[in-house]
Amino acid sequence: MALRNIIGKRIGNGIGLVGRRSLSTSTSDVENRNAKSMNLYSAINQALHLALETDPRAFVFGEDVSFGGVFRCTTGLADRFGKARVFNTPLCEQGIVGFGIGLAAMGNRAIAEIQFADYIYPAFDQIVNEAAKFRYRSGNQFNCGGLTIRAPYGAVGHGGHYHSQSPEAFFCHVPGIKVVIPRSPRQAKGLLLSCIRDPNPVVFFEPKWLYRLAVEEVPEHDYMLPLSKAEVIRQGSDITLVGWGAQLSIMEQACIEAEKDGISCELIDLKTLIPWDKETVEASVRKTGRVLISHEAPVTGGFGAEISASIVERCFLRLEAPVARVCGLDTPFPLVFEPFYMPSKNKVLDAIKATVNY
Amino acid sequence: MALSHLSSSSPSRCANLLKLLSSAISLRRPISTDTTPITVETSVPFTAHQCEAPSRTVQTNAKELATFFRDMVVMRRMEIAADSLYKAKLIRGFCHLYDGQEAVAVGMEAALTKKDCIITSYRDHCTFVARGGTLLEVFAELMGRQAGCSKGKGGSMHFYKKDSNFYGGHGIVGAQVPLGCGLAFAQKYCKDEAVTFALYGDGAANQGQLFEALNISALWDLPAILVCENNHYGMGTAEWRAAKSPAYYKRGDYAPGLKVDGMDALAVKQACAFAKEHALKNGPIILEMDTYRYHGHSMSDPGSTYRTRDEITGVRQERDPIERIRKLILSHDLSTDKELKDIEKEVRKEVDDAIAQAKENPVPEPSELFSDVYAKGLGVESKYMQKSIYRHKGDELPSQAFGYNNPSEH
């Protein structure tokens with residue numbers, strides 16, 4: 001679907017986007033009945049309502065979630081389902097996740113919120129050493145599959161060091177958990193419900209820039225979107241672009257501009273980062289012979305490196321050009337310099353042209 | 001002196017002349033230099049845990065009270081100005097204001113020397129000023145300009161001042177406390193006879209790393225003072241909903257603690273002096289400052305969804321730190337109401353001037369994006385990175401992203 005029609009103007013990126021005309025979607029995996037126009041945080045809110053409605057053993061907890069949360073994602077949950085199921089925790093990420101693992105180990109669906117992905121690191125040990133390895137080390141006697149950790153991630157225009165980070169790569173290095181990132185409201189609702197109901201612990205990163213900015217027709221019923229299945233959201237034949245989350249709208253802008261120069265771009269939303277859909281990406285690269293990966297996180301050691309290495313392994317002889325990565329710079333996420341740091345549309349466009357003309 | 005001529009004139013004219021002269025000469029000594037000791041009692045007594053509380057009788061003088069008044073007025077005005085600048089989008093990012101809590105910053109500074117270290121969280125504007133930071137450095141840093149104390153690279157949450165041993169300015173809640181204990185270790189090792197004050201909030205009090213740091217400090221008798229600035233709300237969560245024991249001064253268990261009225265600058269001064277002496281001899285101590293913030297957690301938080309407006313007004317009326325000092329000065333006849341108001345006017349102008357200067361200041365050079373990631377010259381691929389930012393015409397400049405094309409336009 002045309003992301004530019006979903007997402008309003010991203011300040012600082014000069015995308016002057018049109019208003020919110022909705023186009024028919026290319027994803028036919030969700031019926032459009034009773035669709036309502038809503039933004040990302042409302043879609044996530046709906047998913048949480050459905051999750052708690054359908055499973056009496058589902059819980060939502062985190063810092064300040066009771067009144068609706070800093071991004072309004074948990075609005076109305078405490079009123080509807082009660083304080084025993086929707087509650088605030090003290091300010092302790094390690095405690096929140098550890099507690100969530102325990103709750104999940106007893107067969108409950110623990111939906112933990114980390115207020116900003118930048119704050120997830122105190123919980124890193126719990127996620128990597130406890131959650132990811134629980135099933136494995138107990139010989140499948142125990143598991144914490146009911147655990148879902150939600151965290152807003154990514155740039156927001158002015159967030160600086162501690163409200164803009166994209167830490168997905170750290171978690172992609174851990175077998176035993178899943179990492180999922182939605183690109184739009186409709187995707188978010190379906191993916192979040194899948195994550196909550198998936199029998200493995202999942203880290204769900206929500207692009208905070210899109211909480212209000214992205215508006216889309218989202219079906220009101222309960223639906224799930226499959227994990228570990230990438231989606232081709234734009235067909236093309238000259239180059240494959242792979243991305244996730246908010247970055248996709250930037251990449252789509254670049255694709256549209258590249259088309260004016262006669263370059264036909266195929267754009268893939270990875271959706272699930274681990275375990276990722278290698279087949280879909282490979283099939284696309286076999287078609288185009290070129291691939292470009294783009295993400296906000298710093299380029300060195302970012303998840304683009306994994307995709308690049310895997311694609312080269314699988315498609316070496318088919319590749320017409322080196323794998324391109326257009327990513328954040330290897331610096332802490334800056335304050336004033338955010339526009340220089342970000343993988344902007346122009347950087348992506350330049351890389352598309354360089355790759356095609358290699 | 002004209003007085004000698006008066007002995008021959010009529011009585012009424014004499015009286016008038018005298019009145020004129022006395023108001024002109026001001027027979028009272030100027031408040032800013034008067035160091036005659038004054039004894040004041042703190043508003044409430046201290047509550048102690050595992051130690052003996054200091055006396056609630058505090059020694060002060062007119063000069064100190066004048067300094068307290070002026071400094072707090074500067075801080076208050078600065079924070080209010082920052083509020084307006086944020087709403088005008090000249091300050092971007094996240095901005096956490098300290099108005100209401102000024103007494104903690106000034107009281108603490110009065111008890112310390114610049115050899116003592118202070119480290120705090122992101123609500124650091126006033127602590128920075130108390131440590132000697134200038135208004136220009138504050139506003140420039142808030143607006144992300146070169147003249148800022150962190151070269152415009154840190155923003156509101158990351159103010160630092162090395163020459164006053166102010167170690168900042170930290171975004172991650174509670175992370176500064178173990179750091180503070182490390183500073184204290186270094187001070188003890190180097191026999192500095194100085195201490196470290198590590199400040200944190202009631203929300204951060206529930207972080208595990210605090211207890212780790214306290215244990216280490218107590219084990220090794222470090223001169224660390226852990227100061228809980230208890231403004232009763234961890235962002236939107238009230239203390240009684242976040243802490244099983246909101247008696248933060250007791251949570252050190254084996255470490256002694258003191259509960260202090262954080263809205264009373266003199267009480268803060270007394271407690272900090274006591275704590276410094278204690279820590280140098282006996283190791284860590286916890287101070288709980290009972291204080292209050294008028295603004296919400298940050299500029300994104302209206303501050304009214306989790307507390308009533310009546311509560312905020314109530315504190316403002318009953319416990320405002322600036323008003324307390326004003327009343328003290330007036331009741332001890334150290335200055336007149338007009339003089340104090342003049343100081344406030346003067347401060348307002350000072351703040352406005354600093355803002356105007358800061359607005360003219362340029363944003364940091366693009367090369368600053370790559371500087372200081374590693375120690376100079378030891379980073380990797382910085383040349384490649386530097387090339388990449390210049391290749392892309394059409395990309396916005398930082399100034400455009402921050403909502404203005406030419407800094408001097410505002």
Side-chain angles (χ1 to χ4, degrees), chain A residues 10-14 63-71 83 87-95 98 115-116 118-122 156-164 257 298-300 326-327 329-332 334-351 354, chain B residues 89 92-94 122 143-145 150 152-158 170-175 201-209 234-237 241-244 300-301 305-306 363-364 366 368-370 373 379-382 385 388-389 391-403:
Chain A
R10 265 176 78 156
I11 306 159
N13 255 306
E63 292 158 21
D64 303 297
V65 298
S66 234
F67 79 87
V70 284
F71 293 111
K83 298 204 173 184
F87 48 91
N88 285 350
T89 59
L91 215 166
C92 41
E93 290 74 20
Q94 182 171 30
Q115 198 158 80
F116 281 86
D118 313 58
Y119 310 157
I120 203 168
Y121 306 111
V156 73
H158 56 125
H161 308 93
Y162 299 113
H163 297 85
S164 319
E257 288 231 4
V299 60
T300 300
V326 184
C327 307
L329 302 176
D330 286 334
T331 70
L335 184 61
V336 219
F337 295 120
E338 183 169 326
F340 283 176
Y341 167 94
M342 292 287 278
S344 63
K345 175 197 78 171
N346 290 320
K347 288 185 186 173
V348 175
L349 187 56
D350 268 11
Chain B
K89 298 214 171 188
R92 304 295 310 281
F94 293 80
Y122 43 79
M143 296 198 255
R145 313 294 179 101
S150 306
K153 290 169 76 164
S156 162
M157 302 200 297
H158 307 289
H170 295 265
I172 300 299
V173 167
D202 46 292
N206 301 312
Q207 277 277 319
Q209 51 191 322
M235 203 170 78
T237 305
R241 291 198 301 144
K244 177 66 180 172
S300 321
D301 170 28
T305 54
Y306 48 84
V363 289
E368 283 288 340
L369 173 53
F370 308 108
V373 178
V380 279
E381 284 197 294
S382 55
M385 294 293 186
S388 75
I389 63 166
R391 255 188 337 170
H392 309 275
K393 301 286 183 231
D395 277 349
E396 277 189 347
L397 295 169
S399 51
Q400 288 168 320
F402 267 50

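The chains referred to below are lettered A, B, ... by the order of the sequence lines, with proteins before strands, and numbering in each begins at 1.
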**OP:** Side-chain contact test, heavy atoms from C-beta onward, threshold under 4.5 Å: evaluate it for A:Glu63 versus B:Thr237 and give yes or no.
**Re:** no
Original post:
For A:Glu93, is it the side chain, the backbone, both, or neither that has a heavy atom closer than 4.5 Å to a heavy atom of chain B?
Top reply: both
Subject >> Residue B:Ala205 versus chain A: region with a heavy atom under 4.5 Å >> reply: neither
Subject >> Nearest heavy atoms of A:Thr331 and B:Phe370, plus distance in Å >> reply: CG2-CD2, 4.0 Å
Original post:
Between A:His161 and B:Phe94, is a ring pair (Phe, Tyr, Trp, His ring centres under 6.0 Å) present by the stated rule, with each step listed?
Top reply: CA-CA 10 Å; A:His161 308 93; B:Phe94 293 80; over 10 Å; no
Original post:
So which of B:Arg241, B:Gln209, B:Met235 has the largest heavy-atom pair count under 4.5 angstrom toward chain A?
Top reply: B:Met235
Original post:
Is the closest side-chain heavy-atom distance between A:Tyr162 and B:His170 below 4.5 Å?
Top reply: no
Subject >> Distance-minimising heavy-atom pair for B:Asn206 and A:Cys92 >> reply: O-CB, 3.6 Å
Original post:
Which bit of A:Asn88 is near chain B, if near means a heavy-atom gap under 4.5 Å: side chain, backbone, both or neither?
Top reply: side chain
Subject >> Rounded distance [0.5 Å steps], CD1 in B:Ile172 versus OH in A:Tyr119 >> reply: 6.0 Å
Subject >> Check: B:Met157 and A:His163 side chains under 4.5 Å, non-hydrogen atoms >> reply: yes
Subject >> Sidechain-backbone polar pair: A:Gln94 side chain, B:Gly208 backbone, donor-acceptor under 3.5 Å >> reply: no
**OP:** Considering non-hydrogen atoms only, spot the tightest contact between B:Gly152 and A:Leu335 and give its length.
**Re:** O-CD2, 4.1 Å
Subject >> Shortest non-hydrogen contact between B:Pro366 and A:Phe340, atoms and distance >> reply: CB-CE1, 3.4 Å
